[in-house]
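Working notes, beginning with the structure itself.
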Amino acid sequence: LHPGRVGIKPYSSTHWRDTKPVSQWREAKPAALKAGYDLANCMVAAQKDTGVVRVRIVEKVPATMTKQGCTCKMPWTFFRGHERGEAEVESNNLHSFDRCSTNGSPGKPWCAVEGDSCGVTSDDPHAGHGEGKYGWTHWDYCDASKHGWTHRTLWEATHSAGEVTCAAEFLIASDKATEWRALDLLRQQVVETDITGHPAAAELASSYETCIRRADSSTSAAYCETDLLSHLPQSLVRHALLIARASSVKVHWANRQRVYLLYALQLKGCLAQSKGKEQGEVCLAQLLSSMPEGLSSHAVSHALHSPPTTEAPVTVAALSRRLVVCTQAASDKDAAAFCVASFLAHAPRATVRRAAGLADRVRGYGSAGFGNVV
């Protein structure tokens, strides 16, 4: 992978025969505008998500094995010529090995091993994990007659769990023709990965939505998406692409469920800060417009046609918490729709209708659909 570029092909030659799909922008724009609105809304919600995720790309390679069947840790570090009581000398003799070594063991090659339960426990004071330690605790003598496999890390990164979830959902929903062109343009420019001071992801997503609203062709839309992706951390874009390209339905649902959970948490905070009925309706409209249209429609229909609840009055804060817990447990889209419907069933029917109407307008025009109500 080039350090300054997204090194993932737009489409696999196995799954996509037509590598340059053609789209009619007039037909694709409403969906693109909705995807931009969802991304902006999701990134705002992600700002309150403190979780992080780590992703690694690995390859399977032959491993060096030991007498006890352990796997050698490669590379590994050791203070060459280490003897107790020579701290001043050893501080200048830390070496990294990518093979077995006879250091301190003439004629008997050895290595540090993976894990903390295989091999011989080291009595070296530097053995261990953490700052100032080797990063290993056990060692063993190498055995060339034994063969095994291990995984070598090609690339890894850590970033915001919420932001990568939002970016992945955006790439799953985005127009593939526009996305292909955007990724093609992105690979043709060198993106600096160590520059700080980029706008926040929520601000970038909001700018993208505005850009899409003004775009008059698929080419303009591709420029909007390229600009967005080039300003996001490239490790985040890579991770989002890996999720979006996954062929597993379970992977896509797990990502979508996290997005729904972000929306539920955002609703909880919005309602807690709202002052009056109108602001509460805007909070509901924001949730309904962010969810897929079919899910929102089913939830609203169920809430409007279900008999009045006989449950004792419940506070808005308690209902919001229920929605969050229900969304966390949802196993599919229908279950998520039931969570939203159960929440809406406690709201006045007129409030649900007004929120649903506002959500329909926002779904067609993006953030601009809110007009002066926010």
Side-chain angles (χ1 to χ4, degrees), residues 15 28 30-46 49 51 53 161-176 179 205 239-268 270-271 283-306 309 319-347 352-353 355-364 366 369:
H15 296 89
L33 183 59
K34 178 63 166 61
Y37 166 73
D38 288 346
L39 178 65
N41 198 16
C42 189
M43 286 297 190
V44 170
D49 183 1
V53 290
E163 289 181 359
V164 73
T165 296
C166 296
E169 193 64 18
F170 166 74
L171 290 170
I172 291 171
S174 65
D175 174 68
K176 293 298 175 268
E179 180 188 311
H239 192 173
L241 280 167
L242 289 173
I243 296 173
R245 296 289 185 269
S247 57
S248 170
V249 175
K250 290 183 178 179
V251 172
H252 284 189
W253 165 247
N255 192 78
R256 185 156 295 133
Q257 182 187 32
R258 288 194 293 269
V259 172
Y260 293 168
L261 182 58
L262 287 174
Y263 290 151
L265 290 168
Q266 184 184 37
L267 174 70
K268 179 182 175 183
C270 184
L271 290 174
C283 294
L284 291 178
Q286 189 175 41
L287 172 72
L288 294 174
S289 61
S290 300
M291 296 289 193
E293 184 174 4
L295 187 155
S296 294
S297 297
H298 290 155
V300 169
S301 177
H302 179 79
L304 291 177
H305 294 93
S306 60
T309 179
L319 288 172
S320 299
R321 287 194 297 271
R322 285 187 191 177
L323 176 61
V324 170
V325 173
C326 185
T327 304
Q328 286 176 321
S331 58
D332 54 31
K333 186 173 69 173
D334 289 339
F338 175 77
C339 295
V340 177
S342 298
F343 176 84
L344 294 176
H346 289 269
V352 175
R353 290 191 183 92
L358 179 56
D360 287 340
R361 188 171 69 183
V362 171
R363 192 173 285 111

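- The shortest non-hydrogen separation linking Met291 to Arg363 is O-NH2, 4.0 Å.
- A distance-only check finds a donor-acceptor pair linking the side chain of Ser174 to the backbone of Leu171 [under 3.5 Å].
- For the atom pair Thr165 OG1 and Met43 CE, the distance stands at 9.5 Å (nearest 0.5 Å).
- Taking all atoms of both residues into account, the shortest heavy-atom contact from Ser331 to Trp253 is O-NE1, 3.2 Å.
- In this structure, Lys268 NZ and Leu287 CG are separated by 14.5 Å, a value rounded to the nearest 0.5 Å.
- Across Leu39 and Cys166, no two heavy atoms sit closer than the pair CD1-O, 3.7 Å.
- Here the CG-CG distance, from Leu358 to Leu288, works out to 9.5 Å after rounding to the nearest 0.5 Å.
- Between the side chain of Gln257 and the backbone N or O of Ala330, at least one donor-acceptor pair lies under 3.5 Å.
- Taken to the nearest 0.5 Å, the CZ atom of Arg322 stands 12.0 Å off from the SG atom of Cys339.
- Between the side chain of Ser306 and the main chain of Ala303, a donor-acceptor pair closer than 3.5 Å is present.
- Within 6.0 Å of NE2 in His252 there are more than 12 heavy atoms belonging to other residues, nucleotides or ligands.
- The closest side-chain heavy-atom distance from Val300 to Val352 is below 4.5 Å.
- Minimum heavy-atom separation, Tyr260 to Pro292: OH-CG, 3.1 Å.
- Here Asp49 pairs with nothing under the salt bridge (Lys or Arg N to Asp or Glu O under 4.0 Å) rule; sequence neighbours left out.
- Leu261 CG to Cys326 SG: the interatomic distance, rounded to the nearest 0.5 Å, is 11.0 Å.
- Side chain of His298 to backbone of Gly294: a donor-acceptor contact under 3.5 angstrom is found.
- What you find for Tyr263 and Asp38 is that their closest heavy atoms are OH-O, 3.2 Å.
- Across all non-hydrogen atoms, the minimal contact from Ala285 to Ala359 is O-CB, 3.7 Å.
- To the nearest 0.5 Å, atoms CD1 (Ile172) and CD1 (Ile243) are separated by 7.5 Å.
- Applying the ring pair (Phe, Tyr, Trp, His ring centres under 6.0 Å) rule to Phe170 yields the partners Tyr208; only residues at least two apart in sequence or on another chain are considered.
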